[in-house]
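Take a look at the structure below.
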Amino acid sequence: GGVDEYLSLAMARETRPSAPTADGSESSRPERAAVPAVSAARLREGQKELTRLERQIARLAETENGLAEQLAASASDYERLIELGVHLKSVQEERAELEERWLAVAEEVSG
């Protein structure tokens, strides 16, 4: 999955009812209480990095769309198709790496 799937899973995790304890009562303590809180400075850095990554991902998505249009327009020029295909593949790989980094930073910031 991608960023959308991660966000939907994170939202589901936050809205999930608390689990019953061994004695049958529900725990009022949040699940992440054992995890140390992220410092405010690290939180700001993480949020800045998330914003930067989101802009880069959006730019790469636009590039992908442009390359897809160029591929469609160059359907009869096989040399151009190969060149565009290689470029598209590199853009897709870079986007996948950025999305993975985004997920890692989002997880770190969220605790």
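In this chain, numbering begins with 1 at the start of the sequence shown.
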Quiz item: What distance do Gln70 atom CD and Leu81 atom CG have between them, rounded to the nearest 0.5 Å?
Solution: 11.0 Å

Quiz item: Quick one: CG on Leu60 to CG on Asn65, what's the gap to the nearest 0.5 Å?
Solution: 11.0 Å

Practice problem: Could you list the residues that satisfy side chain to side chain donor-acceptor pair (under 3.5 Å) with Glu94, not counting sequence neighbours? | Solution: none

Self-check item: side chain to side chain contact (heavy atoms under 4.5 Å, CB included) partners for Ala41, two or more places apart
Solution: Ser39, Arg44

Exercise. Decide yes or no on side chain to side chain contact (heavy atoms under 4.5 Å, CB included) for Gln56 and Arg52, but give the supporting numbers first.
Key: CA-CA 6 Å; Gln56 289 178 330; Arg52 181 184 57 81; 3.3 Å; yes

Self-check item: Between CD on residue Glu99 and CD on residue Gln92, distance to nearest 0.5 Å
Solution: 10.5 Å

Quiz item: How far does CG of Leu43 sit from NZ of Lys48, to the nearest 0.5 angstrom?
Solution: 11.5 Å

Quiz prompt | Set of residues satisfying side chain to side chain donor-acceptor pair (under 3.5 Å) with respect to Glu54, sequence neighbours excluded | solution = Trp102

Exercise. Name all residues meeting the side chain to side chain contact (heavy atoms under 4.5 Å, CB included) criterion together with Glu93; count only those two or more places apart in sequence or in a different chain, and write none if there are none.
Key: Lys89

Quiz item: Do Ile82 and Leu88 share a hydrophobic cluster, counting only Ile, Leu, Val, Met, Phe, Trp and Tyr and linking them when any side-chain heavy atoms are less than 4.5 Å apart?
Solution: no

Self-check item: From Leu71 atom CG to Leu84 atom CG, the distance as rounded to the nearest 0.5 Å
Solution: 5.0 Å

Self-check item: Shortest non-hydrogen separation from Val109 to Gln47 and the atoms involved
Solution: CG2-N, 4.3 Å

Quiz item: Residues in side chain to side chain donor-acceptor pair (under 3.5 Å) with Glu83, at least two apart?
Solution: Arg80

Self-check item: Within residues 60-75 or reaching into it, pairs that qualify as salt bridge (Lys or Arg N to Asp or Glu O under 4.0 Å) - sequence neighbours excluded
Solution: Glu64-Arg95

Quiz prompt | From CG (Leu103) to CG (Leu98), nearest 0.5 Å | solution = 11.0 Å

